[in-house]
Amino acid sequence: MSEVLEKWMNPNVAGIIPYQPGRPIEEVARELGLDPVGVSKIASNENPLGVSPKAVAAIHSSATDMHRYPDGGAYYLRSKLAERFQVAPSQLVMGNGSNELIEFIGHCFMDEDRSVVVSAHAFVIYKLIARMMGSEIIEVPTVGLGHDLAAMAAAVRDDTSVVFICNPNNPTGTMLLQDELDEFIDKIPASTLIVFDEAYAEIAQGAMPDMLKHVQSRPNCVMLRTFSKAYGLAGLRVGFGICPAAMAEALQKARQPFNVNRMAQAAALAALDDDEFLEKTNAIIAEGKDYLEQSFADLKLDFQPTAANFILVKVGDGAKVTEALTRRGVIVRPMAGYGLGEYIRVSLGTMTENRRFIETLADVLNT
Ligand SMILES: *Cc1c(COP(=O)(O)O)cnc(C)c1O
């Protein structure tokens, strides 16, 4: 082993098991000798409609400005978001995806002497960042496949700096309701940061509880949102946090000056103006959800009803089924890394992709 690594590599970082993303279409196509056009990727909860045409136009017209550094303060984007959410621009922190906000939270609030509370079967990035910072991870078992809020509140200790709530939860699709969240928040000490990760809020729509009221009335709440899902900009990496101004000022200290690139800012601004794209996105997701849930019932497969744009379905050996689907050109996500080895998670795609998935799954399960 390299002496440098042995002697100096931060053991917290060395212990990290890298995040397993959905496999890129190009990689699978290359491996199978297929035309990429013939491969369906329904593994990363990406937008089935692609990119908003307004965002595409903004991307094109920003291209000739790419010799310029971005606006590090993202003035226009933060102003527009502030107006949208009825908060002050000083309450917004922009990230290279909302994943980066989780990292800022880690830098600001986690270290070896602290603990972090998460739910089992929740977004793995929380644990990954906590581990990187050397914090103890307190993982609370779920009820059904959803967060057990009472147990999570009870798990918070004096040394717990952060508790993560993922709602709707990725990868289970479960949804927490207003009343139970309000009750939970009342039980958390003001000295513990509560993070509401709401990556699928625009998809959950009316069912989405209002966490902004807590952000506005408490010093210890942060809400995370992203442009990667409903807004279809996963490739550009832009997300944000909304929190009290003092908290935002703290989180900004962990942020690199140009973390959100110029093209991403232009595209996100335009995407916020494209209500039609958002409506179409939600229509296709609703149609896909009905179709998949009905199909799973027909195939006698257990699934978790979802509030987001993906469904967790029990298939027996998730890794084997994923591999067999991949060989047939359908990429889904195995769930062993989430402690759900019997399941796969499938994103709601176009109806063509959804039908192909069901046909291929039926074929795989019968052979
Ligand atoms: C997709 C997702 C995010 C955001 O990802 P970014 O692309 O980094 O914005 C955050 N949390 C959850 C639970 C997600 O599923």
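Bear in mind the structure is a predicted one, so any value in this text is a computation, not a measurement. First listed ligand is number 1; within each ligand, the first listed atom is number 1.
When non-hydrogen atoms are compared, ligand 1 lies under 4.0 Å from the side chain of R237 (C-beta onward) but not from its backbone. Under 4.0 Å from ligand 1, the heavy atoms of Y200 that appear belong solely to its side chain.
In summary, the side chains of N99 and E103 do not present any donor paired with an acceptor at a separation below 3.5 Å, with no hydrogens or angles considered. Between the side chains of D290 and Q294, no donor-acceptor pair is found at a separation under 3.5 Å. A donor-acceptor contact closer than 3.5 angstrom links the side chains of R356 and S40.
Considering only non-hydrogen atoms, atom 11 (N) of ligand 1 lies nearest to D197 out of L233, D197, L101, N99.
When only interatomic distances are considered, the shortest N/O to N/O separation between S228 and ligand 1 falls below 3.5 Å.
Interface atoms of ligand 1 facing G97, defined by a heavy-atom separation under 4.0 Å, are 6 (P), 8 (O), 9 (O). Remark: ligand 1 atoms within the under-4.0 Å shell around heavy atoms of C166 are 13 (C). Near N170, meaning under 4.0 Å from any of its heavy atoms, are these atoms of ligand 1: 13 (C), 14 (C), 15 (O).
More than 12 heavy atoms of other shown residues, nucleotides or ligands fall within 6.0 angstrom of atom CD in Q205.
For atom 9 (O) of ligand 1, the closest heavy atom belonging to the protein is T226 OG1, 2.5 Å.
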